[in-house]
Trainee: 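Take this structure, written in structure tokens, and hold onto it; I'll ask about it next.
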Amino acid sequence: MDEDPSAEETTFVVDEITTVIKEAVESTIGNSSYQHSQINQWMSSIVESSLSQLTKLGKPFKYIVTCIILQKNGAGLHTASSCFWDNSTDGSCTIRWENKTIYCIASVFGLAI
Amino acid sequence: MQKEEKQSKGPQEKSKSTIRWKMSKEDPQRKSRTSSQIPIPRRFSFTQTKKEPRGQKLPDRDEKLINYQIIPERRFSTERAHEIIKDIVDERLESVEYSCSCSGISKELSDCIRIAIKKLLYDRYKLVCYVAIGQLKDSVVNCSSRAIWSPTSDTFTEYIYKNRSLFAVCILFAVYKE
């Protein structure tokens, strides 16, 4: 009986973390159009706010958040990741977000301690 | 000899009794002194039980898993990893032009890098290899990453490659299992 809630706390729950990241991205660049002067600030804001929300979950995980923001100019982008970890406890989630002028790809990797 | 002893006992006892009388009337505090002079036998009982501290007896399975080595014996070498990544990426993307097939190339690259770094046999290190291949077309690309980890044991290395038609960003994160 005691093992079940502790097992939930030590596994990577994809849905929960997807919502955290989506909120972080939408709150930062929700309705904005691409502005070169603001891009650094947006990047820091997305990454830091998502990390702070992830730590508030209080799970025994190390987190890595990566974010790519691309101007919509007809250029293509492909991302891939390959991981060597413990499948039962660790996981990742990637979200793709876009508006009229911006593409954003954010990935979170959670590694159990 | 015996008579003398009796006589000596006699006046002493009397003196005690007289003192008690006086003290009870005048100094109520001194009652404690008289009570201390006559030890009152205390009757109490307690049971001593030896309790083993919790967690002392662990099942064999947990004893095998617990390993309190928080700092790695051999710290991950970012320089060596960077050399390996550079060799792999330069060789693979030397004459490649950007196309839709780059999605397969990015997967292939991330797998190759992961396998090559695994061969370095760093004990208890988890590896995350992230590769992004994009088209060079007058557009601005920004990539940033941040982590919550232990800076003494965890680290990362990155390599950026560019040719005429494409760019590639390869990041390798090495996270120690505490």
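Values below: every heavy atom of this structure, side chains too, minus hydrogens, waters and symmetry copies. Below, chains carry the letters A, B, ... as their sequence lines are ordered, and counting in each starts from 1.
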Trainee: With a 4.5 angstrom heavy-atom cut-off, which part of A:V47 approaches chain B: side chain, backbone, both or neither?
Mentor: side chain
Trainee: Which atoms form the tightest heavy-atom contact between A:Y63 and A:V108, and what is the distance?
Mentor: CD2-CG1, 4.2 Å
Trainee: Assess the side chains of A:W85 and A:N87: does a donor N or O sit below 3.5 Å from an acceptor N or O?
Mentor: yes
Trainee: A:Y103 versus chain B, heavy atoms under 4.5 Å apart: side chain, backbone, both or neither?
Mentor: neither
Trainee: Quick check on the interface: out of B:G134, B:S150, B:A147, who has the most heavy-atom pairs with chain A under 4.5 Å?
Mentor: B:A147
Trainee: Flag the one option from B:S139, B:C129, B:A132 with the top tally of heavy-atom pairs under 4.5 Å to chain A.
Mentor: B:C129
Trainee: Of the listed residues (B:F156, B:Y125, B:W149, B:Y98), which shares the most heavy-atom pairs with chain A below a 4.5 Å separation?
Mentor: B:Y98
Trainee: Nearest 0.5 Å, please: how far is OG in A:S33 from NZ in A:K72?
Mentor: 12.5 Å
Trainee: For residues A:H78 and B:I105, determine if any side-chain heavy atom of one lies less than 4.5 Å from a side-chain heavy atom of the other.
Mentor: no
Trainee: Step through the shown structure and confirm whether more than 12 heavy atoms of other residues, nucleotides or ligands are within 6.0 Å of OH on B:Y161.
Mentor: yes
Trainee: Ignoring hydrogens, what is the shortest heavy-atom contact between B:S110 and A:S81? Give both atom names and the distance.
Mentor: OG-C, 4.0 Å
Trainee: If you count heavy-atom pairs within less than 4.5 Å of chain A, which of B:V128, B:I117, B:D154 leads?
Mentor: B:V128
Trainee: For chain A, find which of B:R146, B:R114, B:K137, B:Q135 contributes the most heavy-atom pairs closer than 4.5 angstrom.
Mentor: B:R146
Trainee: Output the option from B:C102, B:S144, B:C100 having the highest count of non-hydrogen pairs under 4.5 Å with chain A.
Mentor: B:S144
Trainee: Looking at A:Y34 and A:T101, what are the two nearest heavy atoms and their distance?
Mentor: N-OG1, 2.9 Å
Trainee: Can you list the residues of residues 78-88 of chain B that sit under 4.5 Å from chain A, counting heavy atoms only?
Mentor: none
Trainee: Of all the residues in residues 162-177 of chain B, which have a heavy atom that comes within less than 4.5 Å of a heavy atom in chain A?
Mentor: B:F167, B:F173, B:V175, B:Y176, B:K177
Trainee: Select one option (side chain, backbone, both, neither) describing which atoms of A:S92 are under 4.5 Å from chain B's heavy atoms.
Mentor: neither
Trainee: Decide whether A:L51 and A:L57 are clustered together by the hydrophobic rule: side chain heavy atoms of Ile, Leu, Val, Met, Phe, Trp, Tyr closer than 4.5 Å, transitively.
Mentor: yes
Trainee: Which bit of A:I39 is near chain B, if near means a heavy-atom gap under 4.5 Å: side chain, backbone, both or neither?
Mentor: side chain
Trainee: Relative to chain A, which segment of B:S101 carries a heavy atom at a distance below 4.5 Å: side chain, backbone, both, or neither?
Mentor: neither
